[in-house]
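In what follows, a single structure is set out as structure tokens and then discussed.
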Amino acid sequence: MIELRNFVKNIKPYKPGKPIEEVIKELGLTGEIIKLASNENPLGASPLAIKAMSEKIDDSHLYPDDNCFYLKHRLSEKFGIPTANTIVGSGSVELIELIFKAYVNPGDEVIMSEPSFIMYKIACQIFGGERVAVPLVGHAHDIDAMAQKINSKTKIVILDNPINPTGTIVAKKKMDHFVDAVPPDVILVLDEAYHEYIEDATYPNGLDYLKKHSNIMVLHTFSKIYGLAGLRVGYGFGSEEIVGAMMKVRLPFNVNRIGQIAAGAALGDEDFVKHSRNNNEAGKEFLYNELRSLGLKYTPTFGNFILVDFKRDAKDIFEAAQRKGVITRTVYEYGLPTSLRITIGSPSQNKQLINTLQEFLR
Ligand SMILES: Cc1ncc(COP(=O)(O)O)c(C=O)c1O
């Protein structure tokens with residue numbers, strides 16, 4: 001056997017939600033199959049993005065723009081942040097990796113919640129960082145405890161707001177204090193993959209911290225509300241220093257050509273974003289009510305997914321739902337064996353989900 005790098009030996013590979021194609025093949029299903037496993041947009045992709053992509057599909061033989069010039073300018077117009085402070089990646093997962101790749105030496109400490117988005121742990125392992133895991137309290141980040149863990153060995157503090165898989169947020173007041181507590185030589189990554197879904201006034205906008213703090217990197221994505229998960233486009237804002245370091249270690253042409261075009265168009269698709277947000281809010285209320293009447297416990301969410309606790313090993317219900325064509329997500333790797341993380345779907349998908357749960361629990 002060829003020996004792996006030591007750091008790589010213990011990595012458990014990322015386990016994505018099961019693709020519909022795989023479930024069809026595995027179970028031989030025929031009827032409608034719905035995927036509520038990966039927090040994709042149940043309404044599909046932004047129509048403006050689809051139109052823009054189809055108009056440019058013939059150019060697919062050309063390499064993409066290596067510097068994402070047009071998309072960075074669109075982002076700059078929308079968010080009022082210079083392009084020199086902007087980086088685009090093949091999904092925000094690539095940006096997470098680039099931060100670790102540029103900054104983490106073996107033995108550097110990285111503070112994160114346990115559980116939080118699993119890629120933080122994997123990126124930390126790849127580069128030999130020492131993971132400092134801080135347990136959630138009441139399914140929320142314990143940012144006081146996270147702040148207390150910072151020491152001279154800390155290189156990065158990374159947190160998702162809201163958290164995948166629980167959906168809770170750190171409110172603005174708390175975040176204001178936390179941001180001030182992180183020393184300027186420690187990178188604070190604020191992963192806001194679901195921020196467009198949130199209209200709550202207590203939710204902090206990570207971009208507001210960038211002017212005063214050159215150690216903050218804010219990550220966003222086109223995979224969620226814009227419905228472009230299949231195209232792999234994420235983006236981040238931070239100081240020229242951090243963005244420059246990340247640009248140094250990325251591979252050329254890291255963002256595909258069609259993805260850049262679609263993302264640029266999707267940014268202007270306010271109607272779709274609003275429609276998706278409304279669908280999510282309505283779906284959330286519907287599911288809360290139905291889950292309550294089924295006697296199931298859930299964590300109120302700020303994202304487009306709900307963590308439901310079945311108070312028993314969730315494998316059986318996951319498998320039973322899958323046999324009925326409803327793909328959800330177990331969260332064993334997040335240390336939550338009795339829960340499923342379920343994406344909020346379209347109205348008909350939500351009904352199908354509830355019918356399936358009802359049948360199983362009866
Ligand atoms: C908190 C969080 N960050 C980042 C991502 C990755 O998104 P992307 O598709 O942009 O790589 C996800 C995806 O589920 C997520 O939940």
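Start at 1 and go down the list; that is how both ligands and their atoms are numbered.
If you number the atoms of ligand 1 from 1 as listed, the ones under 4.0 Å from a heavy atom of Asp160 come out as 1 (C).
Centroid-to-centroid, the aromatic rings of Tyr197 and Phe302 stay 6.0 Å apart or farther.
Grouped with Leu294 in one hydrophobic cluster are Ile34, Leu36, Phe286, Leu287, Tyr288, Leu291, Leu296, Tyr298, Ile306, Val308, Phe310, Ile317, Phe318, Val326, Leu340, Ile342, Ile344, Leu353, Ile354, Leu357, Phe360, Leu361, the linkage being side-chain heavy-atom contacts under 4.5 Å among Ile, Leu, Val, Met, Phe, Trp and Tyr residues.
Lys155 places a side-chain N or O within 3.5 Å of a backbone atom of Tyr103 that can act as its donor or acceptor partner. Ser54 places a side-chain N or O within donor-acceptor distance of the main-chain N or O of Ile50, the cut-off being under 3.5 Å.
When all heavy atoms are compared, the tightest approach of Ser113 to His141 is OG-ND1, 2.6 Å.
Within the 4.0 Å heavy-atom criterion, both parts of Val93, backbone and side chain, lie near ligand 1.
Note: no N/O pair closer than 3.5 Å links Ser90 and ligand 1 by distance alone. Backbone and side-chain nitrogen or oxygen atoms of Thr221 are examined, and one is located within less than 3.5 angstrom of a nitrogen or oxygen of ligand 1. At least one N or O atom of Tyr194, backbone or side chain, sits closer than 3.5 Å to an N or O atom of ligand 1.
Scanning all protein heavy atoms for the shortest distance to atom 6 (C) of ligand 1 gives Ser92 OG, 3.5 Å. With hydrogens left out, the protein atom closest to atom 9 (O) of ligand 1 is Ser223 OG, 2.6 Å, a heavy atom. Protein heavy atom in closest approach to atom 1 (C) of ligand 1: Asp191 OD2, 3.5 Å. Atom 12 (C) of ligand 1 has as its closest protein heavy atom Phe117 CZ, 3.6 Å.
Gly234 does not count as a contact of ligand 1, since none of its heavy atoms falls under 4.0 Å from the ligand. Proximity of Asn39 to ligand 1 is not established, as no heavy-atom distance is less than 4.0 Å. Close to ligand 1: Lys224, with a non-hydrogen atom less than 4.0 angstrom away. Residue contacts with ligand 1: Arg232 is included, with a non-hydrogen atom under 4.0 Å away. Not a single heavy atom of Phe222 sits less than 4.0 Å from an atom of ligand 1.
In the displayed structure, Phe7 atom CZ is contacted under 6.0 Å by more than 12 heavy atoms of other residues, nucleotides or ligands. Other residues, nucleotides and ligands contribute over 12 non-hydrogen atoms within 6.0 Å of the NZ atom of Lys101.
Ser293 is linked by a side-chain contact (heavy atoms from CB on, under 4.5 Å) to Glu290, counting only residues two or more places apart in sequence or in another chain.
Between Glu94 and Arg250 there is no salt bridge, since no side-chain N of the basic residue sits under 4.0 Å from a carboxylate O of the acidic one.
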